[in-house]
Amino acid sequence: MSIIDAFAASVAAPAAVTTVVPSFGLGTFRLKEQVAVDAVRNALELGYRHVDTAQIYGNEAEVGQGLAESGVPRREVFLTTKVWTEHLAGDRLIPSLKDSLSRLRTDQVDLTLVHWPSPGGAVPVAETLAALAEAQAQGLTRAIGVSNFNIALLREAIAAVGAQAIATHQIELHPYLQNRAVVEFARSQGIHTTSYMTLGYGQALQDPEVQAIAQACGATPAQVVLAWAMQSGYAVIPSSTQRAHLQSNLLARQLRLSDTQMQRIAALDRGGRLVDPEGLAPAWD
């Protein structure tokens with residue numbers, strides 16, 4: 001069964017069925033105004049069926065516009081947004097999500113994530129996850145999850161709603177930062193991982209090993225890195241403003257790396273974290 005078929009099946013299935021996060025999607029971080037509209041519309045026209053945005057990106061309205069202009073039925077697109085830290089309190093999360101839905105021009109998103117843990121633990125994880133679960137019960141979101149958590153915070157989330165309720169954990173993950181401890185803990189609990197910044201701000205594309213593998217495969221370095229992540233079991237959400245790059249990235253789904261090539265990329269891990277905002281990031285594992 002393809003990932004799209006699995007997604008379609010889960011739409012019609014009872015709520016108890018685990019939501020399948022499509023393995024390939026469009027990230028919209030840093031995409032603004034008409035650029036965001038065009039990127040979403042172009043991606044959907046090319047065959048993307050997973051779009052990731054967030055309240056703090058300031059582009060939910062543009063994502064909704066791009067979706068509307070694409071002509072692709074809303075039910076065919078897996079749409080993710082993320083709740084910002086100022087809206088994590090129990091009495092603020094649902095109103096903020098309703099505002100997101102209005103901007104996105106939809107009655108329901110497919111996945112809502114906690115974007116970052118509450119700074120300093122000001123809002124307990126249990127309070128936020130309870131509000132997310134209530135949003136799910138009200139039909140505002142099909143599934144819920146978290147982002148940028150460490151293992152301790154994942155344990156708190158699991159204690160609050162159960163691992164089976166957490167559709168994915170979205171974290172920075174690329175060849176230079178493979179976050180193995182967190183990934184393995186999540187996997188042990190049955191929690192899926194979504195990789196953001198999979199191309200490492202483009203740094204991984206310049207790596208000699210990646211370039212050598214790309215040449216051997218007749219592929220681009222971006223396709224190699226994206227294929228590596230998907231073959232490792234992660235969903236990826238690369239961003240691009242160029243239609244040609246969007247189309248090229250999509251071809252990564254057809255690339256299959258050998259075990260040796262996978263191992264060569266795995267060996268590139270050097271703890272090269274790129275996103276570590278002071279006052280916001282937890283104590284990383």
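Because the structure is a prediction, the values reported are computed rather than measured. Just so it is clear, the values below take in all heavy atoms, side chains as well, and ignore hydrogens, waters and symmetry mates. Along the sequence shown, residues are numbered consecutively beginning with 1.
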> Is there a donor-acceptor pair under 3.5 Å between the side chain of Thr141 and the backbone N or O of Ile144?
Replying inline: no
>> Do Thr85 and Pro119 have side chains that approach each other closer than 4.5 Å (heavy atoms only, starting at C-beta)?
In response: yes
>> Which heavy atom of Trp84 sits nearest to which heavy atom of Gln55, and what is that distance?
In response: N-OE1, 2.9 Å
> Shared ILVMFWY cluster between Leu255 and Ile213, side chains joined below 4.5 angstrom?
Replying inline: yes
> In the single-linkage hydrophobic clustering (I, L, V, M, F, W, Y; side-chain heavy atoms under 4.5 Å), do Val210 and Leu226 co-cluster?
Replying inline: yes
>> Show the nearest heavy-atom pair for residues Leu31 and Ala39, with the distance to one decimal.
In response: CD1-CB, 3.7 Å
>> For Leu88, is there any backbone N or O sitting under 3.5 Å from a side-chain donor or acceptor partner on Thr128?
In response: yes
> Under 4.5 Å between side-chain heavy atoms, hopping through other hydrophobics if needed: is there a path connecting Phe149 to Tyr234?
Replying inline: yes
>> The test is side chain to side chain contact (heavy atoms under 4.5 Å, CB included); show your working for Leu26 and Thr28 and say whether it passes.
In response: CA-CA 6 Å; Leu26 174 73; Thr28 61; 4.2 Å; yes
> Side chains of Tyr201 and Met197: does their closest heavy-atom pair fall under 4.5 Å?
Replying inline: yes
>> Within the 3.5 Å criterion, strictly below it, is a donor on Ser100 or Glu60 matched to an acceptor on the partner's side chain?
In response: yes
> Which distance, rounded to the nearest 0.5 Å, do you find between the OH of Tyr196 and the CG of Leu173?
Replying inline: 10.0 Å
>> Please determine whether the number of non-hydrogen atoms from other residues, nucleotides or ligands lying under 6.0 Å from atom CZ of Arg256 exceeds 12.
In response: no
>> I'd like to know whether Trp228 forms a side chain to side chain contact (heavy atoms under 4.5 Å, CB included) with Met262, so could you lay out the CA-CA distance, the side-chain angles of the two residues, the decisive distance to 0.1 Å, and finally the verdict.
In response: CA-CA 6 Å; Trp228 162 79; Met262 291 288 290; 3.7 Å; yes
> Is there a chain of hydrophobic side chains (I, L, V, M, F, W, Y, each step under 4.5 Å between heavy atoms) that links Val77 to Val40?
Replying inline: yes
> Does Arg103 come within less than 4.0 Å of Glu62, counting only side-chain N to carboxylate O?
Replying inline: no
>> Any donor-acceptor pair under 3.5 Å linking the side-chain atoms of Thr81 with those of Thr53?
In response: no
> What distance do Thr241 atom OG1 and Arg30 atom CZ have between them, rounded to the nearest 0.5 Å?
Replying inline: 13.0 Å
> Does atom CG of Asp269 have more than 12 heavy-atom neighbours from other groups under 6.0 Å away?
Replying inline: yes
> What's the spacing between Met230 CE and Ser195 OG if we round to 0.5 Å?
Replying inline: 10.0 Å
>> Has His50 got a side-chain atom pairing as donor or acceptor with Pro22's backbone, closer than 3.5 angstrom?
In response: yes
> Would you say the side chains of Asp276 and Trp284 form a donor-acceptor pair under 3.5 Å?
Replying inline: yes
> Does the pair Asp52/Lys82 count as a salt bridge with the N-to-O cut at 4.0 Å?
Replying inline: yes
> Of all heavy-atom pairs between Leu246 and Ala43, which one has the smallest distance, and what is that distance?
Replying inline: CD1-N, 4.0 Å
> Tell me, do Val63 and Val51 make a side-chain contact under 4.5 Å, heavy atoms counted?
Replying inline: yes
> Just checking, any donor-acceptor pair under 3.5 angstrom between side chains of Asp207 and Gln211?
Replying inline: no
> Are Leu250 and Leu67 grouped together when hydrophobic residues (ILVMFWY) are joined by side-chain heavy atoms under 4.5 angstrom apart?
Replying inline: yes
>> Is any side-chain heavy atom of Ile94 closer than 4.5 Å to one of Leu132?
In response: no
> Which atom names give the shortest non-hydrogen contact between Ala160 and Leu129, and what distance separates them?
Replying inline: CB-CB, 4.0 Å
> For Cys217 and Leu257, what are the C-alpha separation, side-chain angles and deciding distance, and is it a side chain to side chain contact (heavy atoms under 4.5 Å, CB included)?
Replying inline: CA-CA 8 Å; Cys217 293; Leu257 303 179; 4.0 Å; yes
> Counting N and O atoms only, with roles assigned by atom type, does the side chain of Glu184 sit under 3.5 Å from a partner on the main chain of Ala181, one being a donor and the other an acceptor?
Replying inline: no
> Does the side chain of Val224 come within less than 4.5 Å of Ile265's, by heavy atoms?
Replying inline: yes
>> When you measure from the side chain of Ser248 to the backbone of Ala244, do you find a donor-acceptor pair of N or O atoms at a distance under 3.5 Å?
In response: no
> Under 3.5 Å, is there a donor-acceptor pair linking the side chains of Tyr48 and Asn42?
Replying inline: no
>> If I take atom CG from residue Asp285 and atom CG from residue Leu153, how far apart are they, to the nearest 0.5 angstrom?
In response: 9.0 Å
>> What I want to find out is whether Arg74 reaches Asp110 closely enough, with some N-O distance under 4.0 Å, to be called a salt bridge.
In response: yes
>> Using the rule side chain to side chain contact (heavy atoms under 4.5 Å, CB included), only one of Leu113, Thr193, Asn148, Val21 pairs with Gln170; which is it?
In response: Leu113
>> Are more than 12 heavy atoms, taken from residues, nucleotides or ligands other than Gln215, located less than 6.0 Å from that residue's CD atom?
In response: no
> Could you state the interatomic distance from CZ (Arg142) to CG (Leu79), rounded to the nearest 0.5 Å?
Replying inline: 11.0 Å
> Does Thr220 offer a backbone N or O that forms a donor-acceptor pair with the side chain of Gln223 under 3.5 Å?
Replying inline: yes
> Cut-off 3.5 Å, side chains only: do Ser70 and Arg41 have a donor facing an acceptor?
Replying inline: no
>> Looking only at the side chains, is there a donor atom on one of Glu172 and His174 sitting less than 3.5 Å from an acceptor on the other?
In response: yes
>> side chain to side chain contact (heavy atoms under 4.5 Å, CB included) for Ile158 and Phe185? Distances and angles first, verdict last.
In response: CA-CA 12 Å; Ile158 291 167; Phe185 174 76; 4.0 Å; yes
> Is the ring centre of Tyr57 less than 6.0 Å from the ring centre of His115?
Replying inline: yes
> So, do Glu76 and Leu44 sit near enough that their side-chain heavy atoms are less than 4.5 Å apart?
Replying inline: no
> Going from CG on Leu140 to OG1 on Thr112, what distance comes out if it is rounded to the nearest 0.5 angstrom?
Replying inline: 8.0 Å
> Considering only heavy atoms from C-beta outward, does the side chain of Gln34 approach that of Asp38 to under 4.5 Å?
Replying inline: yes
> Are Val114 and Val83 side-chain neighbours, meaning at least one heavy-atom pair lies under 4.5 Å?
Replying inline: no
> For Gln178 and Ala266, which heavy atoms make the closest approach, and how far apart are they?
Replying inline: NE2-O, 3.1 Å
> Taking Thr106 for the side chain and Val109 for the main chain, is one N or O donor matched with an acceptor at less than 3.5 Å?
Replying inline: no
>> Using every non-hydrogen atom in the two residues, find where Pro282 and Asn150 come nearest and quote the distance to one decimal.
In response: CB-ND2, 3.7 Å
>> Would you say that more than 12 heavy atoms from the other residues, nucleotides or ligands in this model lie under 6.0 Å from the CD of Gln189, or not?
In response: yes
